[in-house]
Amino acid sequence: MKQNSYGGTNALYLVPTPIGNLDDISIRIKDTLSMVDAIACEDTRVSSKLLNHLNIHKPLLINDKYHEDTSVQTILKWLDQGKNIALVSDAGMPCISDPGYTVVYTIVSHGYPVIPICGPNAALTALMAAGIDTSHFLFYGFLDASQTKRESQLRSVKTLEYTLIFYEAVHRIKPMLSSCLSILGDRQCAVARELTKIHETIYRGKLSEVIDEIDEKGEYVVIIEGYHGKDHDQTKIDQLIDLLKQQGIPNSSISKIVAQFFGLRKNDIYQRLQEK
Ligand code: SAM
């Protein structure tokens with residue numbers, strides 16, 4: 001089904017909002033929020049702050065992850081009545097690691113226009129500045145909070161040759177980066193913290209360097225270079241360790257050789273040797 005998506009009535013507008021800096025509101029974003037009849041949002045307190053700042057006052061409908069099934073029915077009813085509705089999330093683009101997909105899917109399947117407005121997004125803002133290949137990338141979003149699940153998710157993307165993009169919240173950044181190091185190896189990365197805010201910081205370097213350096217405050221986007229053909233499988237590492245041991249090479253030299261060969265940390269290999 002073809003949709004002519006510039007303007008119109010009975011439409012759902014997907015409206016990104018700032019990820020920190022309120023000046024990242026475009027003229028079109030402001031005009032759209034001023035024009036619609038109602039705004040579906042994740043948290044009314046968060047959206048009210050922004051709307052008050054813009055001096056826009058509209059009825060708000062809660063569309064968080066617990067209410068999507070019911071809020072979509074209200075949105076459908078409003079569209080049936082000829083109204084225009086905006087969908088926002090707390091920050092950045094709705095639907096991107098945020099609620100919205102269920103609404104968009106349902107509204108599209110009912111034949112109403114869904115109009116995307118351009119605007120702020122943390123993943124692409126970080127990617128632009130990462131200094132890591134931007135030609136092909138995989139946006140993963142959040143990894144699981146449990147170490148076992150997180151590391152299994154990382155194994156599933158380990159040999160992809162595309163730049164990897166993850167979101168992470170403040171209290172999990174170090175364990176998350178440690179899982180990346182142990183599963184993906186010591187790859188080049190860029191960790192963008194508090195983008196567009198006063199304390200914006202971009203850490204660039206090997207995962208092992210960034211883990212030591214990172215300040216655990218704020219929100220993060222983690223960008224990691226894709227797989228370049230080196231296989232960091234533990235069995236292969238162990239095989240090389242065993243081979244070098246059989247040659248009578250001292251542990252300190254083995255750690256150095258294996259770390260260099262797999263692009264890993266010398267101390268991690270040394271620890272592995274002690275465990276054997
Ligand atoms: N919908 C948003 C978007 O389009 O970017 C993402 C929402 S998701 C619930 C929140 C996550 O996005 C944070 O935990 C963090 O990983 C990332 N994020 C959001 N704002 C950020 C910022 N200012 N700096 C760095 N990362 C940010």
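These numbers come from the heavy atoms of this one structure, side chains and all, not from hydrogens, waters or symmetry mates. Note that the structure is predicted; figures quoted are calculated from it, not measured. Position 1 is the first residue of the sequence; numbering continues from there. Note that ligands are numbered from 1 as they come in the structure, with each ligand's atoms numbered from 1 the same way.
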Chemist: Could you establish whether A192 and ligand 1 come within less than 4.0 Å of each other, counting only heavy atoms on the residue side?
Modeler: yes
Chemist: After noting the C-alpha distance and the side-chain angles of K197 and E219, does the key distance pass the salt bridge (charged side-chain N to carboxylate O under 4.0 Å, His left out) rule?
Modeler: CA-CA 10 Å; K197 302 183 195 173; E219 301 185 282; 3.2 Å; yes
Chemist: Considering only non-hydrogen protein atoms, determine which one is nearest to atom 25 (C) of ligand 1 and report residue, atom name and distance to 0.1 Å.
Modeler: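 Answer, as residue, atom name and distance: E219 O, 3.2 Å.
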Chemist: Which protein non-hydrogen atom lies closest to atom 26 (N) of ligand 1, naming both residue and atom, and how far is it?
Modeler: V221 CG2, 3.5 Å
Chemist: Provide the number and element of each atom of ligand 1 under 4.0 Å from a heavy atom of A91.
Modeler: 1 (N), 2 (C)
Chemist: How about K206: does its NZ atom have over 12 heavy atoms from other parts shown lying under 6.0 Å from it?
Modeler: yes
Chemist: Counting neighbours of NE2 on H136 that are heavy atoms of other residues, nucleotides or ligands and sit closer than 6.0 Å, is the number greater than 12?
Modeler: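 Atom NE2 in H136 is not packed in, count stays at 12 or less.
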Chemist: Got a sec: does the NZ of K58 have more than 12 other heavy atoms crowding it under 6.0 Å?
Modeler: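 Yes.
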Chemist: Please determine if G92 has a nitrogen or oxygen closer than 3.5 Å to a nitrogen or oxygen of ligand 1.
Modeler: no
Chemist: Report, in ascending order of atom number, the atoms of ligand 1 lying under 4.0 Å from any heavy atom of E194.
Modeler: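 Per the distance check, 23 (N), 24 (N), 25 (C).
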Chemist: Regarding ligand 1, does P94 bring an N or O atom to under 3.5 Å of one of the ligand's N or O atoms?
Modeler: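 No.
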Chemist: In the protein, which heavy atom is nearest to atom 7 (C) of ligand 1, and how far is it?
Modeler: D98 OD2, 3.3 Å
Chemist: Take every heavy atom of F166, measure it against each atom of ligand 1, and state whether any distance is under 4.0 Å.
Modeler: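 Outside the 4.0 Å threshold, so no.
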Chemist: Give me the residue, atom name and distance of the protein heavy atom closest to atom 27 (C) of ligand 1.
Modeler: A122 CB, 3.6 Å
Chemist: Ignoring hydrogens and geometry beyond distance, is a side-chain donor-acceptor pair present between Y112 and D80 at under 3.5 Å?
Modeler: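 Result is yes, a qualifying pair exists.
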Chemist: What closest approach, in Å, do S182 and E151 show between heavy atoms, and which atom pair accounts for it?
Modeler: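 Shortest heavy-atom contact: OG-OE2, 3.8 Å.
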Chemist: Please state which protein non-hydrogen atom is closest to atom 8 (S) of ligand 1 and give its distance, to 0.1 Å?
Modeler: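 Looking only at protein heavy atoms, the one closest to atom 8 (S) of ligand 1 is S97 O, 3.6 Å.
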Chemist: Kindly compute the distance separating CG (N55) from CG (L33), expressed to the nearest 0.5 Å.
Modeler: 12.5 Å
Chemist: Is there any N or O on I19 that sits under 3.5 Å from an N or O of ligand 1?
Modeler: yes
Chemist: What atoms in ligand 1 come closer than 4.0 Å to a heavy atom of E168?
Modeler: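 Answer for ligand 1: 14 (O), 15 (C), 16 (O).
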Chemist: Is it the case that over 12 heavy atoms from other parts of the model lie below 6.0 angstrom from the CZ atom of F142?
Modeler: yes
Chemist: Between L54 and K30, which heavy-atom pair has the shortest distance, and what is it?
Modeler: O-CE, 3.9 Å
Chemist: At a 4.0 Å threshold, what atoms of ligand 1 neighbour a non-hydrogen atom of K197?
Modeler: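 Heavy-atom distances to K197 below 4.0 Å select 23 (N).
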Chemist: Measure the distance from atom 11 (C) of ligand 1 to every protein heavy atom, then report the residue, atom name and distance (to 0.1 Å) of the closest one.
Modeler: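 Protein heavy atom at minimum distance: F142 CZ, 3.6 Å.
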Chemist: Give me the residue, atom name and distance of the protein heavy atom closest to atom 16 (O) of ligand 1.
Modeler: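 Scanning the protein heavy atoms, the shortest distance from atom 16 (O) of ligand 1 goes to Y220 O, 2.6 Å.
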Chemist: Below the 3.5 angstrom mark, is there an N/O of I96, backbone or side chain, next to an N/O of ligand 1?
Modeler: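 Checking ligand 1 against I96, an N or O pair does fall under 3.5 Å apart.
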Chemist: Is H171 atom NE2 crowded by more than 12 heavy atoms from other residues, nucleotides or ligands, each under 6.0 Å away?
Modeler: yes
Chemist: Run the ring pair (Phe, Tyr, Trp, His ring centres under 6.0 Å) check on F137 and Y162 step by step: do they pass?
Modeler: CA-CA 5 Å; F137 56 88; Y162 320 125; 9.2 Å; no
Chemist: Among protein heavy atoms, which sits nearest to atom 5 (O) of ligand 1, and what does the distance come to when rounded to 0.1 Å?
Modeler: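 Nearest protein contact, heavy atoms only, for atom 5 (O) of ligand 1 is Y167 OH, 2.7 Å.
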